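For reference, the structure is listed below as structure tokens.
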Amino acid sequence: MRVEDLLERFKEESPIAVMTRLALEQILDDQRLDALFERHAVRQKCGELLFSTVADLMGLVALKIKSSVNAAYKQRTKERVGVAIASIYNKLQGIEPAVGRALVCETAEDLLTVVGHMPKAQPAPILRGYRTRIVDGNHLAGTEHRIEELRTLGAAALPGQCIAVLDPDHRLIVDVIPCEDGHASECSLFPQILELVEPGEVWIGDRKFGSQLMMTTIALDKRSHFIFRHALGLVPHWDPIGRRQKIGRVEGATLYEQSIEIEYQGRGLQLRRITVKLDKPTRKGEDEIHLLTNLPQRVSAKKVAAAYRRRWNIETAFQHLAQSLNSEIETLGYPQAALFSFCMATMMFNLLSTIKSAIAEAKGSPEVADEVSTYFAAKEVSESWRGLAIAINDEEFQSLFGKMTLRQLSRTMVDIAKHVNLACVRKSTRGPKKPPTKRKSGNRGNHVATSRVLANSRGAR
């Protein structure tokens, strides 16, 4: 059978896997990866083991094609990799955070261009006329105590954290700020976040980002805008300007607005304090949410509240990174290795988001992208990857497509996306959560025989 015929079969049966491999071949070729490493690595050198080889192995793990670094190494075999597995781990634990960050930023820039050539996939912007950025931090989960210095400790070993910046209008994480200190607070990373702020943007964040330093710098120095949740611990004092006014109703809440003024290091800043009075308290018992923003009055309080509600997009992205992809590997205890693994998974998340946009473009509706399940998309890739690699080797795959521009890549992905069966990758919907059933007796230390419980229940009927 001809290679072209094999490819057509995979397009029909596993189009998402074909799109994933195509995008990786085009934007992550070995020469580009090694050049990226040369530009951003300071202490570590390429040596015999190339950075592109390590990235290739970690890509297999991030996409859950292989369960561990060692399993990925065995698939590639020592003959192809050229070094022992110990060299792989030594390389991983020395990759500097700047390298992983550059990998995310540079590939995100390319994918933004690819998505930009998909006009039918673009949803309405969250705030028309502004470029929106959602920021949040993610502390990596504790790892196994394989490192000698950790073996005598009972506490969880935290390998680090990442601040992620999401572009919600294009569904891509455009930047990350890796930090090797798992105990560091987000406040310690504010200077690095502020370096990213540009005029004409709106930065949205939870209460931990709503400090007086952040707000005055964004508004007065960066000439930009923000929507932060008001934290009394960070902004304890403010002067009201006029009375609080009732704005109206939104879903599940009533809106109020009041103009206030704060002062930080001798600099005054006038803000809008928008209160969302909830009909039902949150799980923490809070019945009011206060938002601070410097957006002009032409952006209504309802639009501000709706924009802040989209902050959950980045929480959803973190959930996909942890569950649909393999972003936090328990066996990678060294901070630099763990952070690079997270950055590699972030890049794969962006790739899957681009594929979802290609499907939306092919189907002619931006809403389709939100209907596609990241879990099912990643599952198709992990299940089909090995067969695709065996049927069509790297040389054959490259000869079928050649080197493309980003516009050509976008068009080719959309053509392949036309083969996607939405029924196979659509999200599973569920009804509202029901309260948990109250347990009659017992605790985690006891146990019961399920067969006897069922027999007694049926006998009682």
Side-chain angles (χ1 to χ4, degrees), residues 123-127 132-139 164 166 168-169 171 186 202-211 214-215 225-238 240 242-260 262 271-295 297 299-324 367 369-371 373-375 426-440:
I126 291 179
L127 291 169
T132 308
R133 295 289 183 263
I134 301 177
V135 61
D136 202 3
N138 182 53
H139 286 76
L166 176 72
D169 293 332
R171 308 179 185 92
E186 284 82 357
V202 179
W203 283 70
I204 301 175
D206 201 357
R207 68 183 97 200
K208 55 182 172 286
F209 294 98
S211 72
M214 286 283 286
M215 291 189 290
H225 303 86
F226 58 80
I227 304 173
F228 292 137
R229 187 169 175 181
H230 187 182
L232 293 177
L234 296 178
V235 188
H237 305 292
W238 69 92
R243 299 177 61 184
R244 188 173 83 163
Q245 297 180 346
K246 182 178 180 180
I247 302 300
R249 290 281 303 171
V250 293
E251 183 181 356
T254 304
L255 287 185
Y256 298 86
E257 182 175 345
Q258 183 179 27
S259 296
I260 66 170
I262 65 171
L271 303 174
R272 299 162 62 190
R273 188 172 189 259
I274 296 170
T275 299
V276 183
K277 188 172 181 60
L278 303 172
D279 296 341
K280 294 181 180 180
T282 65
R283 286 177 294 181
K284 295 182 179 180
E286 299 169 319
D287 58 1
E288 288 187 345
I289 296 175
H290 305 285
L291 307 177
L292 298 179
T293 183
N294 66 330
L295 282 165
Q297 288 291 336
V299 182
S300 68
K302 290 185 178 181
K303 289 183 179 179
V304 172
Y308 181 79
R309 192 172 184 178
R310 297 290 292 274
R311 192 194 71 80
W312 285 101
N313 288 19
I314 198 166
E315 300 283 358
T316 303
F318 288 151
Q319 183 179 15
H320 289 320
L321 284 167
Q323 297 179 0
S324 303
E367 288 78 16
D370 295 324
E371 296 175 11
S373 165
T374 302
Y375 170 79
R426 186 176 275 117
K427 293 178 180 177
S428 300
T429 57
R430 55 162 294 170
K433 290 184 178 180
K434 299 178 181 179
T437 303
K438 187 176 180 180
R439 296 180 179 177
K440 298 178 180 179

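This one's a predicted model, so the numbers in the text were calculated from it and none came from an experiment. Count residues from 1 along the sequence.
With S373 contributing its side chain and Y375 its backbone, the two residues share a donor-acceptor pair below 3.5 Å. The closest donor-acceptor contact from the side chain of D169 to the backbone of I126 lies under 3.5 Å.
Here the closest non-hydrogen pair linking P236 and G233 is CD-O, 4.3 Å. The minimum heavy-atom distance linking I314 with I134 is given by the pair CD1-O, 3.5 Å. Annotation for W238 and I260: closest pair CD1-CG2, 3.4 Å, computed over non-hydrogen atoms. Listed here is the closest heavy atom pair of T254 and R249: OG1-NH1, 2.9 Å. Taking every heavy atom of both residues into account, N294 and H225 meet most closely at OD1-CA, 3.1 Å. Residues R310 and P168 approach most closely at NH2-O, 4.5 Å, considering heavy atoms.
The environment of Q245 atom CD is sparse: at most 12 non-hydrogen atoms of other residues, nucleotides or ligands sit within 6.0 angstrom. Heavy atoms from other residues, nucleotides or ligands lying under 6.0 Å from CD of Q297 number more than 12. More than 12 heavy atoms of other shown residues, nucleotides or ligands fall within 6.0 angstrom of atom OH in Y256. More than 12 non-hydrogen atoms from other residues, nucleotides or ligands lie less than 6.0 angstrom from NZ of K208.
The distance from atom CG of L292 to atom CE of M215, rounded to the nearest 0.5 Å, is 5.0 Å. Distance CG/L232 to CG/L234: 9.5 Å, rounded to 0.5 Å. Rounding to the nearest 0.5 angstrom, the gap separating the CG atom in D136 from the CZ atom in R311 is 5.5 Å. Expressed to the nearest 0.5 Å, how far CZ of F209 lies from CH2 of W203 amounts to 9.5 Å. Atom CD of Q258 sits about 10.5 Å away from atom NE2 of H290, to the nearest 0.5 Å. Once rounded to the nearest 0.5 Å, the distance linking OG1 of T293 with CG of L271 reads 8.0 Å.
For the side chain to side chain donor-acceptor pair (under 3.5 Å) with E257, the qualifying choice from K302, R272, R273 is R272, the only one to do so.
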- prompt: Stepwise, does the side chain to side chain contact (heavy atoms under 4.5 Å, CB included) test hold for L291 with F226?
  reply: CA-CA 10 Å; L291 307 177; F226 58 80; over 6 Å; no
Does N138 form a side chain to side chain contact (heavy atoms under 4.5 Å, CB included) with L321? I'd like the steps, not just the answer. CA-CA 11 Å; N138 182 53; L321 284 167; 5.9 Å; no
Review point. Should Y308 and R229 be marked as a side chain to side chain contact (heavy atoms under 4.5 Å, CB included) after you check the CA-CA gap, both sets of side-chain angles, and the distance that decides it?
Key: CA-CA 8 Å; Y308 181 79; R229 187 169 175 181; 3.4 Å; yes
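Salt-bridge annotation for K427 and D370: absent, with no side-chain N of the basic residue lying under 4.0 Å from a carboxylate O of the acidic one.
Using a 4.5 Å cut-off on side-chain heavy atoms (C-beta onward), E251 and R309 make contact. You'll find the side chain of L255 stays beyond 4.5 Å of the side chain of T275, heavy atoms only. Residues V202 and V299 form no side-chain contact, since every pair of their non-hydrogen atoms from C-beta on lies 4.5 Å or further apart.
With sequence neighbours left out, D287 forms a salt bridge (Lys or Arg N to Asp or Glu O under 4.0 Å) with no residue at all.
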